[in-house]
Amino acid sequence: MSRTIPIEKLRNFGIIAHIDAGKTTTSERILYYTGESHKIGEVHEGETVTDWMEQERERGITITAAAISCTWVKTDEPDKANKENRFGFNIIDTPGHIDFTAEVKRSMSVLDGAVVVFDGVAGVEPQSETNWRYADEAQVPRLCFINKLDRTGASFERSYASILERLSPKAVRIQIPWGEEDAHEGVVDLLKMKAYTFEGEMGKEVVEHEVPESLREEAERFRAELVERIVEHDDALMHAYLEGNEPSLDDLKRVLRKATIANEIFPVLCGSALKNKGVQLVLDAVVDYLPSPQDLPPKKGRNPKTGEEEERPADDNAPFAALAFKVQSDPFVGTLTFFRVYSGTVTAGSYVLNTSTGEKERMGRIVRLQADKREEVKEVYAGEIAAGVGLKNTKTSHTLCDEKHPIVLEEISFPEPVVSLRIEPKTKADQEKLGMALRRLADEDPTFRVSTDEETNETIISGMGELHLEIIVDRLKREFGVDANIGAPQVSYRETITKEAESEVKYVKQTGGRGQYAHVKIRIKPMDHVAPEARDQLPKNVKHEDHFEFINNIKGGVIPQEFIPACEKGFVEAMERGVVAGYKVVDVSVDLFDGSYHEVDSSEIAFKIASSQAFQDAAKRAGPVLLEPIMKVVVIVPEQFMGDVNGVLSSKRGTIEGMEARGNVQVITAKVPLAEMFGFTTLLRSMTEGRGNWTMEFDHFAVVPPNVAEEIKKKRGVA
């Protein structure tokens, strides 16, 4: 069996945006125009293909990233019936709500490009910035689509200015709208200097016009600006342009494509997905400017046997290597494991090596996805995205590869959960089902954690926000038939230290037979963070992770080498329960510099216990403090309520960082502790007659004020 779409005609891209900017509406238009769907599903009617979960349709938001495979023939292609002219799209429609940010992060790690959708009224919003940052981290080329230009208050220029100011000065408009608000008729393509309207059923026919006289002068000015920005990226074109030669359309598109793939330019398009205007031209731009898997550098990884860096090119004949980026429970087939193939091919029924676990797994069946529907395939090729059925122990971020050519690809990092709930089954019969269901949900979602409170033996679930945990509890009931009682939301505090301290512990235990002996001297201090890419330059005796640094300064074998890992394990375990209120300790550097051992009585367990005790002892004298999550809160309210809302945010220990008029509403930006934000939705509704809305995302951890820390300690039963 061979490829249906050549690799150079493949595009893997995501649709990302702030909540309610129109991602899912845009995805539904894409499905309709590519012929995958025979009618357009609307979010407000709860009939979309990509928002297929019951919870998504009820709330009108995207919760889980949905994968879509489809094909596209460009709108200006005269021979549309010829299969040679088809391009293959693998699209992921991602959530916009901050509670489901993991879905965006994991999608960014496996996509080659992104279409970032903006609300034409609001422009850049908080989650747009977060998603843009994720795309920057993954170095993903982007197109910008300013949507909803038919809405009252829409302004292309204002939204475009917000992209330049808040996201990147490299953005450049390649289209301008033909009218805005009620007068929005279509778009003007600045490269071709043609205007387009979208006629017929659901805007399916793209009709070309001359640029209207009222827009000609503006279009010519913006085109000159665009051409100048493009020719900067090609010396030959620049020289010809400076000599007065107008570059050809093909040359401009070629250089714009190269600059977009290199993240030197972010083309900006416009339209209204809901009113069926502009979406087909976005798909043409995906073909013209976003990369195929072959346009990007080979995927890097390391050989687990030698530790050396290796590469995997996007080639069917190279050894097979893929990254599992999402695990999803399916009521019909069990567990679906989404994976992106970077090199080689994999066939259904074959065995692959999971280098993250060291186990061989059988790829029972392979399916391509249409959100909740699937099409079974026999083989998947380099550059493609699919899902495997039958992979029992493969989790998010695991590498699958050919066992003769092992490689470990870079793992996806996820933010830490910030909100916790106590959960218990309503009946004895639900007890066992609850444990199993929570385990499956934790396998699916790397930002969802399950733990047990050692003191009370209660089950604690942790996630990215109240909505995140609300959805989890809802899924427990609907998908797994488990009824559960939940406690009030709890904040996931952290602890850290503020100064240096030393400790010496001798652990000596004499029993009837062989005794236990360990002696350690340690120094702890607040940790200086080192960027992941610079960690290779650290001395060999320093192990630096995101929130913990271990320095092995043992000289002359005063503690034998075989006991050093046990010491490190003791420190890590001690950090799980801090000395202020029993919360996890972060950002500590531990220097193990001296000690002693007994030839007969010393053991790993003795050194682990001694190290744990030494850490606890030192932490008490190192100025321990509580840390709380501080959230970036954006509240949008009519002007008359601005004073009241500012007062409430200030009373919640919030710091107002900015206020900005956006049309007839005010946008208030503040930093507020998460502990103060529970129940804010209800309060805001009552204060603003139901007209205010808000969003919140994690910003940083900060030291808890002493009076608040005392309250937290009392609640935890700490004297």
Side-chain angles (χ1 to χ4, degrees), residues 415-424 438 442 447-466 469 486-501 503 505 507 520 522 524-527 545-550 567-590 608-631 653 673-678 698 700-719:
E416 287 287 310
V418 291
V419 175
S420 302
L421 287 177
R422 296 179 186 278
I423 187 167
E424 62 180 27
L438 289 175
T447 59
F448 172 62
R449 308 277 168 81
V450 183
S451 59
T452 304
D453 186 314
E454 287 175 14
E455 288 179 2
T456 62
N457 220 20
E458 290 173 307
T459 302
I460 309 290
I461 57 173
S462 307
M464 299 306 296
E466 285 181 273
L469 295 179
I486 56 169
Q490 306 284 322
V491 177
S492 287
Y493 293 98
R494 299 281 186 273
E495 295 183 21
T496 193
I497 57 171
T498 55
K499 61 186 183 184
E500 194 175 297
S503 176
V505 166
Y507 177 71
V520 294
I522 68 166
I524 67 171
K525 63 178 182 180
M527 175 176 138
E545 292 170 356
D546 286 346
H547 296 290
F548 171 61
E549 182 180 71
F550 174 56
C567 294
E568 185 189 346
K569 204 169 179 188
F571 301 137
V572 170
E573 284 188 10
M575 287 176 69
E576 286 299 315
R577 194 166 177 81
V579 296
V580 180
Y583 290 103
K584 186 175 179 178
V585 183
V586 293
D587 301 338
V588 177
S589 173
V590 181
K608 188 173 136 187
I609 292 168
S611 300
S612 181
Q613 289 177 356
F615 182 91
Q616 295 269 335
D617 180 49
K620 285 172 188 166
R621 288 180 277 110
V625 289
L626 266 183
L627 299 175
E628 64 180 343
I630 304 295
M631 312 304 280
R653 299 193 283 127
L674 173 62
E676 303 286 344
M677 293 307 292
F678 296 125
F698 172 73
H700 66 283
F701 276 99
V703 176
V704 176
N707 59 324
V708 180
E710 285 306 315
E711 287 295 315
I712 294 165
K713 284 160 74 174
K714 271 184 203 161
K715 281 182 190 166
R716 297 276 286 183
V718 180

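Remember, it's a predicted structure, so these values are computed and weren't measured experimentally. All residue numbers refer to positions in the sequence shown, counting from 1.
Closest approach of Ala610 to Tyr507, counting heavy atoms only: CB-CB, 3.9 Å. Here the closest non-hydrogen pair linking Ser503 and Ala618 is CB-CB, 3.7 Å. Considering all non-hydrogen atoms of both residues, Pro629 and Ser492 come closest at CD-O, 3.9 Å. Here the shortest heavy-atom pairing between Arg422 and Ile460 reads NH1-CD1, 3.4 Å. The shortest non-hydrogen separation linking Val704 to Ala709 is CG1-N, 3.5 Å. Across all their heavy atoms, Val520 and Cys567 have their closest contact at CG1-SG, 4.2 Å.
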Worksheet entry | Leu674/Phe698 under side chain to side chain contact (heavy atoms under 4.5 Å, CB included): CA gap, chis, key distance, verdict | CA-CA 8 Å; Leu674 173 62; Phe698 172 73; over 6 Å; no
Fill in: Residues Val703, Leu626; criterion side chain to side chain contact (heavy atoms under 4.5 Å, CB included); working and verdict
CA-CA 6 Å; Val703 176; Leu626 266 183; over 6 Å; no
Worksheet item: Hey, mind stepping through Val580 and Val625 against side chain to side chain contact (heavy atoms under 4.5 Å, CB included) and telling me if it holds?
Response: CA-CA 7 Å; Val580 180; Val625 289; 5.9 Å; no
Item to complete: For side chain to side chain contact (heavy atoms under 4.5 Å, CB included), just list the numbers for Phe615 and Val585, CA-CA rounded to whole Å, side-chain angles, deciding distance to a tenth of an Å, and then say yes or no.
Response: CA-CA 11 Å; Phe615 182 91; Val585 183; 4.2 Å; yes
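Note that the CD atom of Glu549 and the CG atom of Asp587 stand 11.0 Å from one another [nearest 0.5 Å]. Note that CD1 of Ile497 is 4.0 Å distant from CD1 of Ile524, once rounded to the nearest 0.5 Å. Here the CG atom belonging to Leu438 is positioned 5.0 Å from the CZ atom belonging to Phe448, to the nearest 0.5 angstrom. For the atom pair NZ (Lys569) and CD1 (Ile609), the distance works out to 12.0 Å, reported to the nearest 0.5 Å. Taken to the nearest 0.5 Å, the NE2 atom of His700 stands 11.0 Å off from the CE atom of Met631. The distance from the NE2 atom of His547 to the CE atom of Met575 is 9.0 Å, given to the nearest 0.5 Å.
In this structure, the side chain of Thr496 engages the main chain of Val586 through a donor-acceptor pair within 3.5 Å. Glu495 places a side-chain N or O within donor-acceptor distance of the main-chain N or O of Val579, the cut-off being under 3.5 Å.
For Arg653, the salt bridge (Lys or Arg N to Asp or Glu O under 4.0 Å) partners are Glu628, Glu676, not counting sequence neighbours.
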